[in-house]
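As structure tokens, the structure follows; a few thoughts come after it.
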Amino acid sequence: MEKPRPATGGASANASAAASAAAPELTERQRRHLRGLAHALQPVVRLGSAGLTEAVASETARALGDHELIKVKAPGGDRAARDELFAELARRTGSALVHRIGNVAVLYRPRAEPPGVVIPDR
């Protein structure tokens with residue numbers, strides 16, 4: 001397994017490093033568990049009228065590094081556009097889109113050391 005290289009370019013380097021990591025594959029049982037853990041969480045990232053910018057992606061990657069499981073809130077509007085926005089954010093951050101309901105999505109990206117969120121085996 002390849003060791004991650006230290007980031008040298010600040011927040012955008014963290015976002016691009018996270019994007020290069022593959023999103024974790026989750027079973028339905030793991031998704032259910034993560035949805036239960038995320039229920040009480042408040043949104044950590046809120047997308048504004050500018051949409052998905054590089055700054056938002058890097059902040060989301062940082063939040064995932066800190067918390068592993070976060071909620072992201074997008075502005076109301078077209079449902080298909082929101083779904084695409086959440087999918088693109090998950091792709092850019094190397095995270096799994098656990099759940100989306102209304103204009104709130106739950107993203108998960110495990111930390112290597114120390115793991116903060118323990119999910120059941122497949």
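Below, all heavy atoms of this structure are taken into account, side chains as well, without hydrogens, waters or symmetry copies.
- Of all non-hydrogen atoms in Ala55 and Ser58, the two that sit nearest each other are O-OG, 3.0 Å.
- Qualifying salt bridge (charged side-chain N to carboxylate O under 4.0 Å, His left out) partners for Glu84, counting only residues two or more places apart in sequence or in other chains: none.
- A donor-acceptor pair is defined here as one N or O able to donate and one able to accept, closer than 3.5 Å; such a pair exists between the side chain of Arg109 and the backbone of Ala61.
- When hydrophobic residues (I, L, V, M, F, W, Y) are linked wherever their side-chain heavy atoms come within less than 4.5 Å, Val104 remains an isolated member.
- Under 4.0 Å is where a charged nitrogen must lie from a carboxylate oxygen, and between Arg82 and Asp78 no such pair does.
- With Asn103 contributing its side chain and Ala74 its backbone, the two residues share a donor-acceptor pair below 3.5 Å.
- Minimum interatomic distance between Ala96 and Ala23 (heavy atoms only, all atoms of both residues): N-CB, 4.3 Å.
- Taking 4.5 Å as the limit, every side-chain heavy atom of Tyr108 sits out of range of all side-chain heavy atoms of Ser95.
- His99 contributes atom NE2, which lies 13.0 Å from atom CZ of Arg32 (distance to the nearest 0.5 angstrom).
- Arg35 pairs by the salt bridge (charged side-chain N to carboxylate O under 4.0 Å, His left out) definition with Glu28, not counting sequence neighbours.
- Here Arg100 pairs with Asp83 under the salt bridge (charged side-chain N to carboxylate O under 4.0 Å, His left out) rule; sequence neighbours left out.
- Between Gly94 and Pro24 the shortest heavy-atom distance is O-CD, 3.8 Å.
- Cluster partners of Val44 are Val45, Leu47, Leu52, Val56, Leu64, Ile70, Val72, Leu85, Phe86, Leu89, Leu97, Leu107, counting Ile, Leu, Val, Met, Phe, Trp and Tyr whose side-chain heavy atoms approach within less than 4.5 Å, directly or via other members.
- Judged by distance alone, with hydrogens and angles left aside, the side-chain atoms of Glu68 form a donor-acceptor pair with the main-chain N or O of Arg111 at under 3.5 Å.
- In this structure, Lys71 contributes its side chain and Leu41 its backbone to a donor-acceptor pair below 3.5 Å.
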